[in-house]
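Just below is one structure, and these are the notes that go with it.
We use all heavy atoms of the structure for the numbers below, so side chains are in, but hydrogens, waters and symmetry mates are not.
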Amino acid sequence: MADRQTIERELEDKLAKGEAALQKMKASMSEAGDEASDEMSKAVAAAERTLEKGQAKLVELKNATDEEFDEMWGDAKEAWHDFTADVERGWDRLSDRVKSFFA
């Protein structure tokens with residue numbers, strides 16, 4: 001098992017990458033103005049919710065005692081790997097949609 005600091009750092013890195021991607025999408029939407037689609041707005045809103053959930057989980061993990069952390073990680077390890085894979089796939093799909101929209 002990865003140590004607590006490594007797990008927290010990996011989550012921080014994923015959230016930072018997601019936040020950067022989200023800011024780029026928002027800037028592109030802002031530039032597009034009225035041409036930005038409803039689908040694009042929904043995709044950005046979904047990305048914001050995903051980031052908020054991830055940030056809440058990070059706070060929860062950081063505030064947990066070592067024993068609570070170990071228990072949380074033990075219970076969530078598989079779900080965590082699935083979650084991070086889903087987030088990465090989601091960003092990739094969202095990025096592709098953004099690229100095609102603004103191409």
Side-chain angles (χ1 to χ4, degrees):
M1 174 173 116
D3 69 7
R4 180 179 183 155
Q5 292 173 336
T6 301
I7 293 166
E8 289 176 357
R9 191 171 41 253
E10 286 176 2
L11 179 54
E12 289 170 341
D13 290 347
K14 288 181 189 303
L15 291 172
K17 288 177 185 174
E19 181 65 36
L22 179 61
Q23 293 309 315
K24 287 172 94 174
M25 286 189 291
K26 285 181 174 182
S28 294
M29 282 186 60
S30 179
E31 290 173 13
D34 293 339
E35 294 179 26
S37 70
D38 186 49
E39 178 185 359
M40 195 59 208
S41 296
K42 288 178 183 178
V44 168
E48 288 175 325
R49 286 190 300 274
T50 299
L51 277 174
E52 288 171 4
K53 287 179 187 178
Q55 290 163 341
K57 181 55 76 177
L58 178 60
V59 169
E60 187 179 339
L61 289 172
K62 285 186 169 195
N63 289 333
T65 64
D66 287 340
E67 185 175 300
E68 290 169 335
F69 182 90
D70 289 343
E71 185 175 321
M72 289 168 61
W73 180 245
D75 291 344
K77 188 175 182 179
E78 285 303 314
W80 171 250
H81 290 294
D82 292 344
F83 170 76
T84 56
D86 286 346
V87 168
E88 288 172 4
R89 282 191 299 272
W91 281 117
D92 289 343
R93 283 193 298 268
L94 191 55
S95 179
D96 288 344
R97 276 191 274 175
V98 171
K99 288 176 196 170
S100 68
F101 180 76
F102 293 109

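The pair E60-K57 meets the salt-bridge criterion, since a charged nitrogen lies less than 4.0 angstrom from a carboxylate oxygen.
In terms of heavy atoms, L15 sits closest to L51 at O-CD2, 3.7 Å. Between G54 and L11 the shortest heavy-atom distance is O-CD2, 4.0 Å. Looking at every heavy atom in both residues, K62 comes nearest to E8 through CA-OE2, 3.7 Å.
Taking CG of D3 as the start and CZ of R9 as the end, the distance is 7.0 Å to the nearest 0.5 Å. Here the CD1 atom belonging to I7 is positioned 11.5 Å from the CG atom belonging to L58, to the nearest 0.5 angstrom. The NZ atom of K26 sits 7.0 Å away from the CD atom of E19 when rounded to the nearest 0.5 Å. Separating the CD atom in E12 from the CG atom in L61 is a distance of 10.5 Å, to the nearest 0.5 Å.
For E67, the CD atom counts as loosely surrounded, since its 6.0 Å shell holds 12 or fewer non-hydrogen atoms of other residues, nucleotides or ligands.
Qualifying side chain to side chain donor-acceptor pair (under 3.5 Å) partners for D66, counting only residues two or more places apart in sequence or in other chains: R4.
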